[in-house]
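Here is the structure we will look at, set down as structure tokens.
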Amino acid sequence: MYVKPIRNIVILTGAGVSAESGIDTFRSEGGLWEQHRVEDVATPEAFARDPDLVLRFYDMRREAIQTKQPNAAHEALARLDREWPGGLLIVTQNVDDLHERAGSSRILHMHGEHLLAWCTACDMRSPWTATLIERPPCPACGESALRPDVVWFGEMPYRMDEITAALRGCDLFVSIGTSGAVYPAAGFVRQARDLGARTLELNLEPSKGSAWFNESRFGPATKVVTGWVEELLNR
Ligand code: APR
């Protein structure tokens with residue numbers, strides 16, 4: 001069988017890549033949704049119903065991520081980003097900034113970012129490290145209409161055109177630390193595969209879409225991701 005040489009790589013990351021940095025995943029035992037029902041904190045309806053609860057929840061998360069550090073998996077992906085001569089795009093579902101802090105630059109946040117505030121009055125995004133609960137004014141227009149720039153359930157993920165184009169052109173699709181429970185990200189493996197890419201899963205355990213991958217490697221991200229990057233760069 002002819003196997004295309006690998007030039008363009010798309011890497012999808014999820015909460016599992018940040019787990020060893022001490023950031024809760026969403027669906028594992030003790031995960032975030034166990035303490036809060038999704039509908040109470042991560043939907044536009046929840047924000048309309050109880051903005052204080054939602055803002056406080058995201059204020060806590062925003063504060064927490066600023067105390068965390070990138071781990072060996074983030075570092076390995078940043079090294080791959082620096083050294084891989086072909087096309088590469090990291091599409092992350094994570095709203096933390098640990099990929100960037102590790103040094104990745106070819107990265108896109110499809111579910112938004114904790115460290116941005118979005119003004120629903122003027123549509124500007126502003127870098128934000130403080131809290132939003134006291135309804136601070138938007139730095140651009142002065143209105144008190146800021147919300148976390150995080151994609152909630154029922155909202156459209158960001159930059160889907162760029163992601164689709166990258167999936168179309170990739171020879172290898174790699175999914176790291178995601179349960180495969182949330183679409184459209186969970187469908188990327190099939191899109192890439194249908195278009196001829198090889199597909200690899202690196203996760204602690206089989207994800208929901210595990211059967212769609214040509215290859216799966218199971219273990220903590222700090223081990224399996226570092227091992228895979230080493231292998232790829234030394235081929
Ligand atoms: N190394 C690798 N994988 C891990 C590790 C680890 N140390 N720890 C946990 N995992 C795996 C889990 O086994 C699980 O399959 O990471 C996955 C995390 O899955 P989820 O908690 O469902 O997170 P994710 O897939 O990123 O969620 C997708 O759902 O709630 C929304 O918008 C939110 O972006 C999020 C989206």
Side-chain angles (χ1 to χ4, degrees), residues 10-47 54 57-58 60-62 64-65 68-77 90-99 102 107-116 118 147-160 163 173-190 200-213 215-229:
V10 173
I11 299 167
L12 173 70
T13 67
V17 80
S18 295
E20 288 161 89
S21 293
I23 299 180
D24 281 351
T25 60
F26 295 96
R27 290 172 186 79
S28 49
E29 219 174 295
L32 193 61
W33 301 139
E34 292 197 356
Q35 290 124 48
H36 286 275
R37 294 189 318 148
V38 177
E39 317 82 77
D40 290 341
V41 288
T43 63
E45 292 78 15
F47 187 51
V54 174
F57 173 78
Y58 283 97
M60 260 165 44
R61 298 286 291 175
R62 190 179 314 103
I65 64 150
K68 311 296 180 189
Q69 300 305 325
N71 64 48
H74 299 106
E75 309 278 358
L77 292 174
I90 300 172
V91 177
T92 188
Q93 299 168 86
N94 297 345
V95 291
D96 66 53
D97 63 338
L98 296 185
H99 282 304
I107 170 154
L108 166 169
H109 285 266
M110 66 177 292
H111 290 166
E113 298 178 53
H114 267 322
L115 298 183
L116 289 179
W118 173 26
R147 58 162 270 186
D149 192 16
V150 164
V151 175
W152 288 325
F153 285 93
E155 296 182 324
M156 199 62 104
Y158 295 156
R159 301 172 70 175
M160 286 304 296
I163 297 172
F173 172 79
V174 189
S175 171
I176 302 176
T178 173
S179 61
V182 173
Y183 282 81
F188 292 169
V189 58
R190 271 175 285 172
L200 167 68
E201 166 182 48
L202 306 174
N203 206 36
L204 197 56
E205 60 198 356
S207 66
K208 284 195 193 312
S210 203
W212 293 101
F213 291 88
E215 188 190 343
S216 296
R217 299 183 189 178
F218 301 121
T222 50
K223 286 222 166 61
V224 287
V225 177
T226 43
W228 168 69
V229 167

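For ligands, and for the atoms within them, numbers begin at 1 and follow the listed sequence.
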Contact atoms of ligand 1, heavy-atom distance to [X] under 4.0 Å:
{"X": "E205", "result": "12 (C), 13 (O), 15 (O)"}
{"X": "G14", "result": "26 (O)"}
{"X": "V182", "result": "29 (O), 36 (C)"}
{"X": "G177", "result": "3 (N), 16 (O), 17 (C), 18 (C)"}

State, to 0.1 Å, how close [X] and [Y] come at their nearest heavy-atom pair, and which atoms those are.
{"X": "F218", "Y": "L204", "result": "CB-O, 3.8 Å"}
{"X": "L200", "Y": "F213", "result": "C-CD2, 3.4 Å"}
{"X": "V182", "Y": "F153", "result": "CG2-CE2, 4.2 Å"}
{"X": "H99", "Y": "I90", "result": "NE2-CG2, 4.2 Å"}

Is it the case that ligand 1 has an N or O less than 3.5 angstrom from some N or O of [X]?
{"X": "N94", "answer": "no"}
{"X": "F26", "answer": "yes"}
{"X": "F153", "answer": "no"}
{"X": "A221", "answer": "yes"}
{"X": "A15", "answer": "yes"}

Tell me, please: is P220 in heavy-atom contact with ligand 1, that is, under 4.0 Å? yes
Result for side-chain hydrogen bond (donor to acceptor under 3.5 Å, both in side chains) between D149 and one of Y58, W118, Y158 points to Y158
Answer side chain, backbone, both or neither: which part of T25 comes under 4.0 Å from ligand 1, heavy atoms only. both
Under 4.0 Å, heavy atoms only, figure out whether ligand 1 is touched by the backbone of E20, its side chain, both or neither. side chain
With rounding to the nearest 0.5 angstrom, report the OG1 to CE distance, T92 to M110. 9.5 Å
Distance alone, cut at 3.5 Å: any donor-acceptor contact between the side chains of H74 and S18? yes
Do side-chain atoms of E201 reach the backbone of S207 as a donor and acceptor pair under 3.5 angstrom? yes
